[in-house]
Structures are given as C-alpha cells and as structure tokens.
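Here the structure comes first, spelled out in structure tokens, and everything after it is commentary.
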Amino acid sequence: MYEGIRNKENMELKPTESELEILQVIWKRGQCTVRDVHEELAKSKESGYTTTLKLMQIMHEKGLVERNTDAKTHLYKAVITRGEAQQGALDKIISTVFKGSTSDLVIQALGQHRASKDEIDAIKDYLKQFEDKE
C-alpha cells in the first residue's frame with residue numbers, strides 16, 4: 001500500500017515554499033497523482049511536469065508525503081497536516097524574524113492587515129482564555 005511511512009517524532013518536517021504549494025493541493029484533495037498536482041499548480045504558475053515530479057519525490061524522501069505504489073500511477077498523500085505545517089512555519093518566523101516575540105508578531109500582523117470585526121472578536125475571545133488562567 002503506502003510506502004515510505006516515516007516516524008514524524010524523529011524528523012523535523014520543514015516544507016519549502018514550493019513543497020507547501022504542493023501540500024495545499026494534496027490537503028484539498030486527500031490524495032493525488034503527480035499529474036493532478038501539476039495541473040492544479042499550472043492554473044496559477046508556470047512549472048514543468050518533471051519539476052513537480054522531482055519535488056514530490058523529494059517530499060517523499062523527506063517524509064512529507066507517502067506514496068501508494070500499488071497501481072501504475074502512484075498516489076501521494078500528506079503525512080504532515082496543515083496545522084503541523086502552519087505551526088512549524090509560525091515557530092520559524094517567530095524565532096527568526098521576531099526574535100521570539102509573539103507580541104511583536106501579532107502587532108505587526110494586525111498593523112499590516114485589516115482584521116474584520118469578527119476576527120477581532122475571535123482574537124479577544126482567545127485572549128480571554130489566558131486572562132482567566134491567571
């Protein structure tokens with residue numbers, strides 16, 4: 001069935017920007033062939049099929065995706081979840097760009113992008129959880 005299952009606890013799974021684009025397609029569909037991914041990516045950017053294939057092979061080697069080799073056309077599915085990828089990217093940004101300051105990140109994000117009233121309310125509700133714990 002799926003080959004190349006990796007132990008996520010022993011590996012740091014850090015997808016590149018191109019790998020994240022591929023993962024977005026796989027997360028949306030559940031499992032995909034290289035052609036499926038390539039055709040979806042081709043809608044928004046120019047890239048060759050062999051580039052997509054090579055990236056997905058690298059992703060398999062890194063343990064970001066699993067590959068089902070039962071059929072002639074291999075099917076790929078994500079090993080890393082969207083939440084794990086978001087957490088990893090955010091941790092990297094906070095530690096490198098914001099030197100560990102979560103408040104600087106939030107201030108910068110809210111200062112650069114207009115949040116809707118619903119988003120601001122959700123942020124307030126989330127922060128209240130921390131106030132109640134004190």
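Leu55 is connected to Tyr49 through a chain of hydrophobic side-chain contacts under 4.5 Å among Ile, Leu, Val, Met, Phe, Trp and Tyr, so both are in one cluster. In this structure, Leu127 is a member of the same hydrophobic cluster as Leu110, with clusters built from ILVMFWY side-chain heavy atoms closer than 4.5 Å. The cluster map of Ile, Leu, Val, Met, Phe, Trp and Tyr, joined by side-chain heavy atoms under 4.5 Å apart, puts Phe98 and Val106 in different clusters.
In plain terms, the two heavy atoms of Leu20 and Pro15 that are nearest each other are CD2-CG, 3.7 Å.
Relative orientation of the Tyr76 and His74 rings is tilted, given thresholds of 30° and 60° on the angle between their planes.
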Is there a side chain to side chain donor-acceptor pair (under 3.5 Å) between Gln87 and Asp91? Walk through the geometry before answering. CA-CA 6 Å; Gln87 185 63 50; Asp91 288 347; 2.7 Å; yes

Output, in order, the C-alpha distance, side-chain angles, deciding distance and verdict of side chain to side chain donor-acceptor pair (under 3.5 Å) for Ser101 and Ser103. CA-CA 5 Å; Ser101 175; Ser103 63; 3.3 Å; yes

Let me see the working for Val37 and Met56 under side-chain contact (heavy atoms from CB on, under 4.5 Å), right down to the final yes or no. CA-CA 9 Å; Val37 172; Met56 291 179 72; 3.8 Å; yes

Derivation of the side chain to side chain donor-acceptor pair (under 3.5 Å) call for Gln24 and Arg82: CA-CA 8 Å; Gln24 292 289 349; Arg82 186 183 310 262; 2.7 Å; yes

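Residues Glu19 and Leu64 meet the side-chain proximity criterion, which asks for heavy atoms closer than 4.5 Å. Taking 4.5 Å as the limit, some side-chain heavy atom of Asp36 sits within range of a side-chain heavy atom of Arg29. For the pair Leu105/Leu90, a side-chain contact is recorded, criterion being any heavy-atom separation below 4.5 Å from C-beta on. Side-chain contact between Glu39 and Lys43 is absent, with no heavy-atom pair separated by less than 4.5 Å. Ile22 places a side-chain heavy atom less than 4.5 Å from the side chain of Met59. Side-chain contact between Thr73 and Val34 is absent, with no heavy-atom pair separated by less than 4.5 Å. A 4.5 Å side-chain heavy-atom check between Glu66 and Leu75 finds every atom pair outside the cut-off.
Panel note: side chain Glu119, backbone Ser116; a donor-acceptor pair is recorded below 3.5 Å. The backbone N or O of Ser47 sits nowhere less than 3.5 Å from a side-chain atom of Thr51 that would complete a donor-acceptor pair. Checked by atom type and distance alone, the side chain of Glu131 never pairs as donor or acceptor with a backbone atom of Lys128 at under 3.5 Å.
Results of the side-chain contact (heavy atoms from CB on, under 4.5 Å) test with His38 over Val25, Thr52, Thr33 single out Thr52 as the only residue that passes.
Salt-bridge check for Lys28 with Glu40: passed, with a basic side-chain N closer than 4.0 Å to an acidic carboxylate O.
Note that CD of Gln86 is 10.0 Å distant from CD1 of Ile80, once rounded to the nearest 0.5 Å.
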